[in-house]
> 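Before we start, here is the structure in question, set down as structure tokens.
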Protein chains: 2
Amino acid sequence: MTTSTPRGTYHHGDLRRAMIAETIRLIEAEGLEKVTLREVARRLGVSSGAPFRHVPSRMALLTLVAEEAMERLQAEIAAALEGVSAPLERFRATGHGFLRWAIRNPAHFQVISARGLIDFEGSGLRRANDALRAMMADQLAEAAAQGMLGDAPEQVLITGRALAYGLARMHLDGQFPSWGLDPAAAEQVAIAAIDRYLALVTVRP
Amino acid sequence: MTTSTPRGTYHHGDLRRAMIAETIRLIEAEGLEKVTLREVARRLGVSSGAPFRHVPSRMALLTLVAEEAMERLQAEIAAALEGVSAPLERFRATGHGFLRWAIRNPAHFQVISARGLIDFEGSGLRRANDALRAMMADQLAEAAAQGMLGDAPEQVLITGRALAYGLARMHLDGQFPSWGLDPAAAEQVAIAAIDRYLALVTVRP
DNA sequence: CACTGATGTAACCGACGCTTACATCGAAGC
DNA sequence: GCTTCGATGTAAGCGTCGGTTACATCAGTG
């Protein structure tokens, strides 16, 4: 009765992948707090002990989801960077990729920022996160070296990151007042805010 | 055996207030996820059912903490606004007050932004939050009317709010890279970021 | 000094995270 | 083609949690 079970009943077939997908659906439908190993198992029509064959704990399941989230984030940023070469434009594209990802994958974003619920230090999450930050620092260092930055690179890095993160969370928490909760509109507003800030710190030749 | 019980044992005396204070201590020591009505009761040397005389649920307890947090935030902002009259300076002071509050009361900040764990709509929280936002919008409208704003007020409002919120959360999540976790240093960095951004959108006469 | 309302206790409920013993399957080796 | 075995699922159980309820103890009032 499951989605992807080829044969009869006993073995699910691909429970691990199914659990990750079902967790995302559960978060979108009921919220992060309702994620329970038992609940995920129940929704997949499987016994309450089955998940533990694939995942040792609730935290481990959410960490798997967070790793999927990080992969999608990296893919989104890579796509946004495609064909962009000017360093400050690359920084801007990175911000765009992050916001697209966060707004279009709210459940993933929610999980990856729930530091108390996932194992951020173990797993590649810390490393991937640091790599992203380092990439952005490099982009700004290059831009500064070319005299295109009207402010200190460290300043732009911290402000840009805080701005993007704040915008994403405000959307997630329904803090965009009149724009309602329409994701497409929120994406436009957020990206415009980033662009506007970067225009302020860009040196026009 | 409790801290503030005047007489023997049976009645605590001021359990409600004690629970709120103990919850804050528990969050600072063990994290928000470990907050449990039973655990709070245990730490106060009281039976597991006692808290329910004062609070109907875990969410209600955290909502009480959030209300205390909101009071402190309002007080901090009021203090920052004292004697400041220029509208754009008032906006800046509001941001400073928020950051001081968030960085010096990390547990309170954590609770108030845990929308899934508190009753944000009931209780005065939604109203107080909206009032704050309205005040900031007014500050910027006045500044714009005086020709002091180099950008659209709505733009500065959303960017300023996202920036402050993002900075506060980055500190809470330990995202300030080399500045370590020293709250005083983080406060300086965050406030400097706000000031720097506002300087960019201020029209110098 | 009995009564009463407020406050704390104790015992209980279903659900949860997690463990363990056992059942069932697919595939490999003979 | 049969057996064996590792991987995967089930069933039952442990301790704890959030929350409820019946009862015990207190402080103040008539």
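Residue numbers begin at 1 in each chain, while the letters A, B, ... track the order of the sequences.
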> Could I get the full list of side chain to side chain contact (heavy atoms under 4.5 Å, CB included) partners for B:Glu71, not counting sequence neighbours?
none
> In whole angstroms, how far is the P atom of D:dG9 from the CZ atom of A:Arg16?
12 Å
> Taking only residues two or more places apart in sequence or in another chain, which ones pass side chain to side chain donor-acceptor pair (under 3.5 Å) with B:Arg17?
B:Asp14
> At a cut-off of 3.5 Å, list every protein nitrogen or oxygen paired with a nitrogen or oxygen from nucleotides 16-22 of chain D, distance to 0.1 Å.
{"unit_1": "D:dC17", "atom_1": "OP2", "unit_2": "B:Arg42", "atom_2": "NH2", "d": "2.9"}
{"unit_1": "D:dC17", "atom_1": "O3'", "unit_2": "B:Thr36", "atom_2": "OG1", "d": "3.3"}
{"unit_1": "D:dG18", "atom_1": "OP1", "unit_2": "B:Thr36", "atom_2": "OG1", "d": "2.9"}
{"unit_1": "D:dG18", "atom_1": "OP1", "unit_2": "B:Leu37", "atom_2": "N", "d": "3.4"}
{"unit_1": "D:dG18", "atom_1": "OP2", "unit_2": "B:Leu37", "atom_2": "N", "d": "3.4"}
{"unit_1": "D:dG18", "atom_1": "OP2", "unit_2": "B:Arg38", "atom_2": "N", "d": "3.4"}
{"unit_1": "D:dG18", "atom_1": "N7", "unit_2": "B:Arg38", "atom_2": "NH1", "d": "2.5"}
{"unit_1": "D:dG18", "atom_1": "O6", "unit_2": "B:Arg38", "atom_2": "NH1", "d": "3.4"}
{"unit_1": "D:dG19", "atom_1": "OP2", "unit_2": "B:Arg58", "atom_2": "N", "d": "2.5"}
{"unit_1": "D:dG19", "atom_1": "O6", "unit_2": "B:Arg38", "atom_2": "NH1", "d": "3.4"}
{"unit_1": "D:dA22", "atom_1": "N6", "unit_2": "B:Arg53", "atom_2": "NH2", "d": "3.2"}

> Would you kindly give the CD-to-C1' distance between B:Glu33 and C:dC16, to the nearest whole Å?
15 Å
> Would you tell me if any nitrogen or oxygen in the side chain of B:His54 comes within less than 4.0 Å of OP1 or OP2 on C:dA6?
no
> Between the side chains of B:Arg169 and B:Gln175, is a donor N or O closer than 3.5 angstrom to an acceptor N or O?
no
> Rounded to the nearest angstrom, tell me the gap between atom CG in A:Leu62 and atom P in C:dC18.
10 Å
> Which residue pairs pass the salt bridge (Lys or Arg N to Asp or Glu O under 4.0 Å) test when at least one of the two sits in residues 81-90 of chain A, sequence neighbours left out?
A:Glu89-A:Arg92
> For A:Met19 and D:dT8, what is the distance between atoms CE and C1' respectively, to the nearest whole Å?
13 Å
> Applying salt bridge (charged side-chain N to carboxylate O under 4.0 Å, His left out), name anything that partners A:Glu121, two or more places apart in sequence or on another chain.
A:Arg126
> Who are the side chain to side chain donor-acceptor pair (under 3.5 Å) partners of A:His108, not counting sequence neighbours?
A:Glu68
